Amino acid sequence: MSEKVLEGRIALVTGASRGIGAATALALAAAGAHVVLTARTAKGLEDVENAIFDAGGSATIAPLNLTETDSIARLGTAIGERWPALDILVLNAAMLGQLGAVPAIDPKELAQVLTLNVSAQAALIAAFDPMLRKSAHGRVIGLTSSVARKPRAYWGMYGASKAAFESLLLSYGDEMEQISKVRTAIVDPGATRTAMRHKAYPGEDPNSVKEPSVVAVRIVALLAEDFVTGHFERVD
């Protein structure tokens with residue numbers, strides 16, 4: 001596989017300031033894509049941008065709180081004014097929330113989790129749908145969790161949000177399949193060394209699980225190999 005398999009493509013990665021999002025942004029840039037990085041933390045985005053530049057890649061940062069859905073529409077407008085199409089959208093940003101029994105779920109926290117993990121994702125798809133349709137190979141990859149498909153005790157809030165997200169993205173893929181070149185895929189990164197993983201498993205040895213770069217490499221390979229819409233895979 002050529003090093004620059006994504007040469008000339010424009011990619012947007014959410015949650016790109018750390019973890020899987022940052023690693024994916026770095027891998028996409030290494031493969032030749034110009035990467036737009038979004039996350040709440042400007043400093044983290046700047047660090048990732050500098051790492052991309054140091055490696056000879058190109059990137060643009062766009063600090064953004066995805067729970068402010070009006071700002072997503074503004075981002076879509078700004079990116080649309082700069083580039084004619086969006087080739088790759090990686091929906092990575094998500095919130096874990098407090099793990100606990102379903103009867104103990106705090107309605108306010110549930111609303112926050114659903115806002116980021118579902119509502120913001122719908123807003124991102126809506127904002128970038130026109131640009132994705134203009135691409136000759138518009139691709140959307142959503143990051144999920146095993147609890148979306150296999151419910152687990154005390155993971156009900158996060159699992160429900162990810163199940164809803166999967167349904168949302170796969171429905172969009174079905175809608176696009178016959179009328180555009182847009183294709184969607186779901187990737188379950190499995191056990192990965194991230195801040196979210198540490199929050200969920202505070203006693204776990206971080207060195208016992210894979211680094212985010214392993215997931216990032218697979219995402220780039222998936223984009224290079226291409227996929228049918230609705231594709232699902234787990235990275236072990």
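Everything numeric in this text was worked out from a predicted model, so none of it was measured. Residue indices begin at 1 and follow the sequence shown.
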Query raised in the report: Side-chain heavy atoms under 4.5 angstrom apart, residues restricted to Ile, Leu, Val, Met, Phe, Trp, Tyr: same cluster for Leu12 and Tyr172?
Result: yes
Query - Contacts of Arg18 that satisfy side chain to side chain contact (heavy atoms under 4.5 Å, CB included) - sequence neighbours left out - result: Ala195
Query raised in the report: Hey, quick one: are Ile141 and Leu37 part of the same hydrophobic cluster, counting side-chain heavy atoms closer than 4.5 Å, chains of contacts allowed?
Result: yes
Report summary line: In short, salt bridge (charged side-chain N to carboxylate O under 4.0 Å, His left out) pairs touching residues 41-50 with sequence neighbours left out are Lys43-Asp47
Query raised in the report: Roughly how far, to the nearest 0.5 Å, is CZ of Arg234 from CD1 of Ile186?
Result: 14.5 Å
Requested in this report: Give a yes or no on whether a salt bridge exists between Lys210 and Asp236, defined as a side-chain N under 4.0 angstrom from a carboxylate O.
Outcome: no
Requested in this report: Spell out, yes or no, whether Val36 and Leu28 are grouped together once hydrophobic residues are joined by side-chain heavy atoms under 4.5 Å, including indirect joins.
Outcome: no
Query raised in the report: Under the side-chain hydrogen bond (donor to acceptor under 3.5 Å, both in side chains) test, which residues partner Asp87, sequence neighbours left out?
Result: Ser135
**Report entry** Test side chain to side chain contact (heavy atoms under 4.5 Å, CB included) applied to Val35 and Ile10, step by step
**Finding:** CA-CA 6 Å; Val35 189; Ile10 305 300; over 6 Å; no
Query - Value rounded to 0.5 Å, distance of OG1 in Thr38 from CD1 in Ile61 - result: 11.0 Å
Query raised in the report: For Ala191, what residues pass the side chain to side chain contact (heavy atoms under 4.5 Å, CB included) criterion, not counting sequence neighbours?
Result: Arg197, Val209
Query raised in the report: Under 3.5 Å, is there a donor-acceptor pair between the Asn117 and Tyr158 side chains?
Result: no
Query raised in the report: Would Leu222 and Val13 show up in the same hydrophobic cluster when neighbours are defined by side-chain heavy atoms closer than 4.5 Å?
Result: yes
**Report entry** Arg133 NZ/CZ over Phe128 ring centroid, <6.0 Å and within 45° of normal
**Finding:** no
**Report entry** Test log, rule side chain to side chain contact (heavy atoms under 4.5 Å, CB included), inputs Thr192 and Val214
**Finding:** CA-CA 9 Å; Thr192 307; Val214 175; over 6 Å; no
Report task. Take Arg139 and Asp226 through the salt bridge (Lys or Arg N to Asp or Glu O under 4.0 Å) test and state the conclusion after the steps. Result -> CA-CA 9 Å; Arg139 300 292 180 264; Asp226 217 351; 2.7 Å; yes
Requested in this report: Apply side chain to side chain contact (heavy atoms under 4.5 Å, CB included) to Ala148 and list each qualifying residue two or more places apart in sequence or on a separate chain.
Outcome: Thr144, Lys162, Ala163, Glu166
Report summary line: The reported gap from NZ in Lys150 to OG in Ser145 (rounded to nearest 0.5 angstrom) is 12.0 Å
Report summary line: Residues passing the salt bridge (Lys or Arg N to Asp or Glu O under 4.0 Å) test with Asp54, sequence neighbours excluded, are none
Requested in this report: Indicate the atoms forming the closest heavy-atom contact of Ile52 with Ala59, along with that distance.
Outcome: CD1-CB, 3.8 Å
Query raised in the report: Between Glu204 and Arg193, is the closest basic N to carboxylate O distance under 4.0 Å?
Result: no
Report task. Identify the two heavy atoms, one from Thr194 and one from Pro212, that lie closest to each other, and give their separation to 0.1 Å. Result -> CG2-CG, 4.3 Å
Report task. Tell me, yes or no, whether the heavy-atom count around Arg40 atom CZ, taken from other residues, nucleotides or ligands under 6.0 Å, exceeds 12. Result -> no
Requested in this report: Test side-chain hydrogen bond (donor to acceptor under 3.5 Å, both in side chains) on Ser146 and Arg152 and set out the steps.
Outcome: CA-CA 9 Å; Ser146 61; Arg152 187 187 311 160; 3.2 Å; yes
Requested in this report: Group every Ile, Leu, Val, Met, Phe, Trp and Tyr by side-chain heavy-atom contacts under 4.5 Å, then state whether Val140 and Val220 land in the same group.
Outcome: no
Report summary line: Sorted by chain and residue number, the salt bridge (Lys or Arg N to Asp or Glu O under 4.0 Å) partners of Asp106 (sequence neighbours excluded) come out as none
Requested in this report: Check whether any side-chain N or O of Thr229 sits under 3.5 Å from a backbone N or O of Thr184 as a donor-acceptor pair, and report yes or no.
Outcome: yes
Report summary line: Nearest heavy-atom approach of Leu45 to Ala16 is CD2-C, 3.9 Å
Report task. Of all the heavy-atom pairs spanning Ser208 and Asp205, show the shortest one and how long it is. Result -> OG-O, 2.6 Å
Query raised in the report: Which atom pair, heavy atoms only, marks the closest approach of Ala73 to Ala127?
Result: CA-CB, 4.4 Å
Query raised in the report: Do the side chains of Lys181 and Met176 get nearer than 4.5 Å, heavy atoms only?
Result: no
Report task. Would you mind reporting whether Leu114 and Phe165 have side-chain heavy atoms less than 4.5 Å apart? Result -> no
Query raised in the report: If you look at every heavy atom in Val147 and Gly159, which pair is closest and at what distance?
Result: CG2-CA, 3.6 Å
Query raised in the report: Are any side-chain N or O atoms of Gln121 and backbone N or O atoms of Leu116, one a donor and one an acceptor, separated by less than 3.5 Å?
Result: yes
Query raised in the report: From Thr24 OG1 over to Arg218 CZ, what is the distance, rounded to the nearest 0.5 angstrom?
Result: 12.5 Å
Query raised in the report: Nearest 0.5 Å, what's the CG-CG distance between Leu75 and Leu124?
Result: 8.0 Å
Query raised in the report: Taking only residues two or more places apart in sequence, or in another chain, which ones meet Arg9 in a salt bridge (Lys or Arg N to Asp or Glu O under 4.0 Å)?
Result: none
Report task. State the CD-CD1 distance between Glu175 and Ile125, to the nearest 0.5 angstrom. Result -> 9.0 Å
**Report entry** Within residues 67-79 or reaching into it, pairs that qualify as salt bridge (charged side-chain N to carboxylate O under 4.0 Å, His left out) - sequence neighbours excluded
**Finding:** none
Query raised in the report: With Thr115, which residues qualify under side chain to side chain contact (heavy atoms under 4.5 Å, CB included), at least two apart?
Result: Thr67
Give every donor-acceptor pair under 3.5 Å between a side-chain atom in residues 90-103 and any protein atom, sequence neighbours left out.
from  : atom 1 : to    : atom 2 : distance (Å)
Asn92 : ND2    : Thr14 : O      : 3.1
Asn92 : ND2    : Gly15 : O      : 3.2

Query - Over 12 non-hydrogen atoms of neighbours within 6.0 angstrom of CZ in Phe227 - result: yes
**Report entry** Residues that Asp174 engages under side-chain hydrogen bond (donor to acceptor under 3.5 Å, both in side chains), provided they are two or more places apart
**Finding:** none
